[in-house]
**Q** 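Below is one structure. I have some questions about it.
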Amino acid sequence: MSRSRETTHYRACNLCEAICGIQIEVREGRVASIRGDREDPFSRGHICPKAVALQDIHEDPDRLRHPLRRTKDGGWERIGWREAYDEVAARLRTIQREHGRDAVATYLGNPNVHNLGSMLFGPPLWRGLRTKNRFSATSVDQLPHHVAATLMFGHKLLLPVPDLDRTAFLLVLGANPAVSNGSMMTAPGMLRRLEELRKRGGRLVVVDPRRTETARLADRHHFIRPGADALLLMAMLHVILSEGLERPGRLAEFCDSLDTVRSLVADFTPERVAPATGIAAEEIRSLAREFAAAPTAVCYGRLGVSTQIFGGLCQWLVNVLNIVTGNLDNPGGAMFTKAAVDLVTSTGRGRLGTWNSRVRGLPEYGGELPVAVLAEEILSEGPGQIRGLLTVAGNPVLSTPNGVQLERALESLDFMVAIDFYLNETTRHAHVILPPTSPLEHDHYDLVFNLLAVRNTAKYSPALFSPGPDSRHEWQIFSELDSRLGDGSLKRRLTRWFNAKLGPRGLLDLGLRFGPYGTGLRAFGGGLSLGRLERSVHGLDLGALKPCLPGRLRTNDRRIELAPQELANDVPRLLKDLEASVDAADDRDSLLLIGRRQVRSNNSWMHNFPRLMRGKERCTLLMHPDDASRLGVAASERVCLVSRVGRIEVPLELSDEMMPGVVSLPHGWGHHRSGTQLATAEKTPGASLNDLTDDQSVDPVCGSAVLSGVPVRVEPAD
Ligand SMILES: Nc1nc2c(c(=O)[nH]1)N[C@H]1C(S)=C(S)[C@@H](COP(=O)(O)OP(=O)(O)OC[C@H]3O[C@@H](n4cnc5c(=O)[nH]c(N)nc54)[C@H](O)[C@@H]3O)O[C@H]1N2
Ligand SMILES: Nc1nc2c(c(=O)[nH]1)N[C@H]1C(S)=C(S)[C@@H](COP(=O)(O)OP(=O)(O)OC[C@H]3O[C@@H](n4cnc5c(=O)[nH]c(N)nc54)[C@H](O)[C@@H]3O)O[C@H]1N2
Ligand code: SF4
Ligand SMILES: [Mo]
């Protein structure tokens with residue numbers, strides 16, 4: 001009997017930020033197995049249950065493989081690529097010609113960042129459209145991190161990463177890395193790394209309105225009232241600075257305005273903020289003292305503190321806390337990664353508020369407006385109204401606030417095009433859908449997550465399968481659209497031609513060669529090039545994070561501003577909120593809604609794979625039993641959740657892991673909408689958390705959406 005041909009491939013999983021090394025066996029042209037790659041020096045064999053979804057995406061009969069055009073009767077027809085490109089370009093150009101540049105908007109979803117082709121070939125297209133109406137998932141995610149980084153360190157990508165493997169004290173606010181596998185802290189094998197922290201005598205403290213999977217591994221967990229983290233951080237700084245516990249060390253030489261910080265935190269005593277945070281004053285004091293006294297410590301605040309009403313203040317104060325305790329840029333603290341392709345030297349710094357949105361006047365950051373204004377910019381008539389939309393790898397109907405309103409807005413567009421391989425809740429509104437190749441059909445290198453990793457690493461992932469003759473990669477789609485829509489000057493045409501000739505591989509090679517470990521143009525030598533990286537099939541470990549300040553700062557004076565004006569000016573709002581919370585009568589019927597992530601889910605788009613969907617229904621509302629008895633609702637009952645903008649129905653689950661007064665629901669569900677093509681997801685549709693979140697509720701400093709702490713009422717379902 002002849003043995004069937006089996007080949008082994010190594011690559012990184014690109015589904016989340018952990019970039020785990022995987023080993024894929026291919027037999028007779030099909031994936032036979034996906035396992036963790038034990039020889040990957042960074043992930044050491046770790047994977048999560050989602051890795052197998054790479055096969056499921058590839059084989060999913062619902063995945064689109066050809067361009068589609070909406071027909072007059074609301075159905076879809078297959079069209080050719082050239083026809084599709086021409087139609088998209090003509091429709092968008094007409095809208096811009098008749099109504100101005102800003103009449104065409106773009107929305108970039110999360111998987112763009114996990115895709116080399118998009119990262120390299122997308123920007124010329126967005127820039128070429130020259131519209132002020134650019135949006136992305138950043139403003140429902142990490143925007144406050146970038147704003148704080150620009151204002152303090154001078155570049156949006158100078159993002160401090162917890163030195164997880166060496167720290168002695170990790171303080172986690174609003175993150176659940178045991179489930180999310182870490183965010184803006186790329187560290188595959190999170191559970192093992194957190195266990196190692198405890199084993200070497202380090203401490204883990206988690207502050208979260210829910211006793212999460214991460215909190216269960218911690219030395220201590222504090223419940224906090226949603227949205228109150230800025231108060232907690234202010235009070236911790238108050239303790240440290242008033243008790244003389246600060247020790248910025250060498251950072252003091254290049255940090256300005258410590259005295260301004262001192263005066264800003266003066267009003268925020270632990271005793272004063274305790275009732276509003278739900279954490280006792282004594283607990284706040286000892287947390288601050290412990291943090292300051294630890295040999296090394298790092299405060300890490302992620303999604304739960306970014307997507308709240310004081311998101312900007314939170315990310316700023318996290319940095320300040322790490323700095324005044326001498327933990328920034330110090331082993332075991334918050335450090336900067338030195339990635340093999342250095343986006344810090346090759347991209348813009350990010351600026352805040354160069355223009356404002358037309359209707360509500362929210363600030364732009366780094367060329368993008370907050371997505372919370374997208375619907376109103378489509379629905380409000382007048383010059384500059386959005387009439388055409390390009391979405392790429394995004395599902396804003398399920399992932400951005402007030403999804404129902406956004407749906408209404410999308411229906412009213414003159415033209416919409418989606419670059420996406422699913423016909424889902426958002427793309428069903430498109431007139432043309434352009435589906436790119438599946439993750440296993442193209443090569444990959446993580447430009448972003450290598451920059452956020454807890455070690456310096458690099459790994460190249462070659463394609464596994466060659467795409468069919470009628471398939472196109474993302475970068476090819478962008479290139480074609482750019483050549484039709486973009487600037488036709490000789491310089492741009494030449495650059496476009498040159499880039500297309502090089503392709504993502506060639507551009508990556510240049511990035512590596514001229515990066516901090518690069519070999520330059522030399523053919524041989526010790527440095528890094530794509531060839532060298534390709535030969536290291538399991539990936540390269542480029543060492544532990546190293547101190548790099550002040551040299552790496554991108555501020556004009558190469559100094560850190562500890563109290564940037566834009567953020568310091570927001571402190572009175574925090575104080576007002578604190579005062580209001582003291583006066584507020586306790587509304588016993590109102591609850592605060594927060595989100596939660598689940599291991600076998602990834603935002604909105606991985607519910608179509610039977611393997612990941614097995615088991616009991618997961619889109620449930622978690623509530624503390626005391627709240628349930630007070631409200632007269634019982635476990636497994638279906639309840640109605642009502643917010644200012646919407647109403648949904650979900651099953652109830654009771655658990656004392658919830659802080660009383662707070663309820664939690666996962667996001668990314670709500671697959672009941674008609675006209676989608678998601679056979680598995682439609683069977684267990686769940687309901688969308690973002691049908692309740694409020695598009696009017698944003699952090700006014702950054703414009704990021706408030707997804708945590710949404711006031712809701714719970715009523716028995718009809
Ligand atoms: N209430 C609430 N809302 C949230 C969050 C929350 O915690 N709570 N989290 C927020 C966060 S952190 C994020 S990042 C956003 C995510 O928000 P989005 O990025 O808008 O949504 P996703 O669910 O990631 O949808 C990804 C889309 O990309 C498509 N896709 C997947 N891979 C590819 C690819 O390689 N190429 C292309 N072209 N398309 C692809 C999928 O089919 C899907 O349509 O949601 C945010 N929304
Ligand atoms: N399995 C899985 N993994 C994922 C994703 C996924 O959807 N599924 N999405 C990926 C993406 S795009 C991202 S951005 C990352 C996000 O990764 P994380 O930042 O770890 O995000 P979450 O797991 O949503 O954790 C946010 C935590 O904040 C808490 N929280 C809510 N409100 C508050 C508050 O006001 N204060 C405090 N202190 N805590 C609060 C919530 O209870 C929750 O535990 O995960 C990535 N990884
Ligand atoms: S943790 Fe993230 S990168 Fe690792 S296997 Fe799971 S989805 Fe892939
Ligand atoms: Mo995200």
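Model, not experiment: these values are computed from the prediction. Each ligand, and each atom within it, is numbered from 1 in the order the structure gives.
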**Q** Below 3.5 Å, N or O to N or O, backbone or side chain included: is there any such pair between Thr400 and ligand 1?
**A** no
**Q** Considering non-hydrogen atoms of the protein only, which is the closest contact for atom 36 (N) of ligand 2, and what is the distance?
**A** Asp229 OD1, 2.7 Å
**Q** Distance under 4.0 Å to a non-hydrogen atom of Asn115: what atoms of ligand 1 satisfy this?
**A** 35 (O)
**Q** Give me the nearest non-hydrogen protein atom to atom 21 (O) of ligand 1 as residue plus atom name, then the distance to 0.1 Å.
**A** Asn395 N, 3.4 Å
**Q** For the pair Asn14 (side chain) and His114 (backbone), establish whether a donor and an acceptor sit closer than 3.5 Å, ignoring hydrogens and angles.
**A** yes
**Q** Between Asp60 and Arg65, is there a salt bridge with N-O shorter than 4.0 Å?
**A** no
**Q** Before signing off on this row, confirm whether Asp141 and ligand 1 have an N or O atom pair separated by under 3.5 Å.
**A** no
**Q** Starting from atom 26 (C) of ligand 2, what is the nearest protein heavy atom, named by residue and atom, and what distance separates them?
**A** Gly174 O, 3.4 Å
**Q** Taking the non-hydrogen atoms of Arg596, is any one of them nearer than 4.0 angstrom to ligand 2?
**A** no
**Q** Under 3.5 Å, is there a donor-acceptor pair between the side chain of Arg70 and the main chain of His429?
**A** yes
**Q** Verify whether the ring centers belonging to Phe310 and Trp316 lie closer than 6.0 Å.
**A** no
**Q** Could you tell me whether some N/O pair between Arg210 and ligand 2 is separated by less than 3.5 angstrom?
**A** no
**Q** May I ask you to say whether Glu407 pairs ionically with Arg673, meaning some side-chain N is under 4.0 Å from a carboxylate O?
**A** yes
**Q** Looking at Arg597 and Glu213, is any side-chain nitrogen of the basic one under 4.0 Å from a carboxylate oxygen of the acidic one?
**A** no
**Q** Of all the atoms in ligand 1, which lie at a distance below 4.0 Å from a heavy atom belonging to Leu689?
**A** 1 (N)
**Q** Step by step, work out the side-chain contact (heavy atoms from CB on, under 4.5 Å) result for Leu217 and Leu191.
**A** CA-CA 9 Å; Leu217 302 173; Leu191 295 182; 3.6 Å; yes
**Q** Test Thr277 against Ile284 for side-chain contact (heavy atoms from CB on, under 4.5 Å), laying out the working first.
**A** CA-CA 10 Å; Thr277 56; Ile284 298 176; 4.1 Å; yes
**Q** For atom 23 (O) of ligand 1, which of Gly117, Pro666, Ser604 has the closest heavy atom?
**A** Ser604
**Q** Taking heavy atoms and a distance under 4.0 Å, where does Asn602 meet ligand 2: side chain, backbone, both or neither?
**A** both
**Q** Identify the closest protein heavy atom to atom 2 (C) of ligand 2: which residue and atom is it, and at what distance?
**A** Ser601 O, 3.1 Å
**Q** In terms of residue, atom name and distance, what is the protein heavy atom nearest to atom 38 (N) of ligand 1?
**A** Glu474 OE2, 2.6 Å
**Q** How are the rings of Phe421 and Trp605 set to each other: parallel, tilted or perpendicular (split at 30° and 60°)?
**A** tilted
**Q** Can you report which non-hydrogen protein atom sits closest to atom 19 (O) of ligand 1, along with the distance?
**A** Asn110 N, 2.6 Å
**Q** Report yes if Ile419 has an N/O atom closer than 3.5 Å to an N/O atom of ligand 1; otherwise report no.
**A** yes
**Q** When you look for heavy atoms under 4.0 Å from ligand 2, do you find them on the side chain of Thr212, its backbone, both, or neither?
**A** side chain
**Q** In this structure, does ligand 1 have an atom that sits under 4.0 Å from one of the heavy atoms of Pro436?
**A** yes
**Q** Taking only heavy atoms of Val179 into account, list the atoms of ligand 2 that are under 4.0 Å away from them.
**A** 1 (N), 3 (N)
**Q** In terms of residue, atom name and distance, what is the protein heavy atom nearest to atom 29 (C) of ligand 1?
**A** Asp420 OD2, 3.1 Å
**Q** Can you confirm whether the side chains of Arg596 and Thr620 place a donor and an acceptor under 3.5 Å from each other?
**A** yes
**Q** Just need the protein heavy atom nearest to atom 9 (N) of ligand 2, so name the residue and atom and give the distance.
**A** Arg597 NE, 2.9 Å
**Q** Any idea which protein heavy atom is nearest atom 10 (C) of ligand 1, and the distance to it?
**A** Val140 O, 3.3 Å
**Q** May I ask whether Ser399 has any heavy atom positioned less than 4.0 angstrom from an atom of ligand 1?
**A** yes
**Q** What protein heavy atom sits nearest atom 1 (N) of ligand 1, and how far away is it?
**A** Asn690 OD1, 2.9 Å
**Q** Who's the nearest protein heavy-atom neighbour of atom 18 (P) of ligand 2, and how far?
**A** Ser180 OG, 3.6 Å
**Q** Contact between Asn181 and ligand 2, counting heavy atoms under 4.0 Å?
**A** no
**Q** Does an N or O anywhere in Val207 fall below 3.5 Å from an N or O of ligand 2?
**A** yes
**Q** Using heavy-atom distances only, which candidate in Ser708, Ala393, Gly109 approaches atom 27 (C) of ligand 1 most closely?
**A** Ala393
**Q** Against heavy atoms of Leu303, which atoms of ligand 1 measure under 4.0 Å?
**A** 7 (O), 12 (S)
**Q** Consider every N or O of Asn424 and every N or O of ligand 1, then say whether any pair is closer than 3.5 Å.
**A** yes
**Q** Please write down residue, atom name and distance for the protein heavy atom closest to atom 33 (C) of ligand 2.
**A** Gly304 O, 3.5 Å
**Q** Looking only at protein heavy atoms, identify the closest one to atom 7 (O) of ligand 2 and say how far it is in Å.
**A** Asn603 N, 2.7 Å
**Q** Give the residue and atom name of whichever protein heavy atom lies nearest to atom 42 (O) of ligand 2, and the separation in Å to one decimal.
**A** Asp208 OD1, 2.7 Å
**Q** How close does the nearest protein non-hydrogen atom get to atom 32 (N) of ligand 1, and which residue and atom is it?
**A** Phe421 CZ, 3.3 Å
**Q** Donor-acceptor pair, distance only, cut-off 3.5 Å: does the side chain of His46 make one with the backbone of Gly189?
**A** yes
**Q** Hey, does Tyr422 come in under 3.5 Å of ligand 1, counting only N/O atoms on both sides?
**A** no
**Q** Look only at interatomic distance and state if Thr693 has a nitrogen or oxygen under 3.5 Å from any nitrogen or oxygen of ligand 1.
**A** no
**Q** Return the closest protein heavy atom for atom 4 (C) of ligand 1 as residue, atom name and distance.
**A** His667 CD2, 3.4 Å
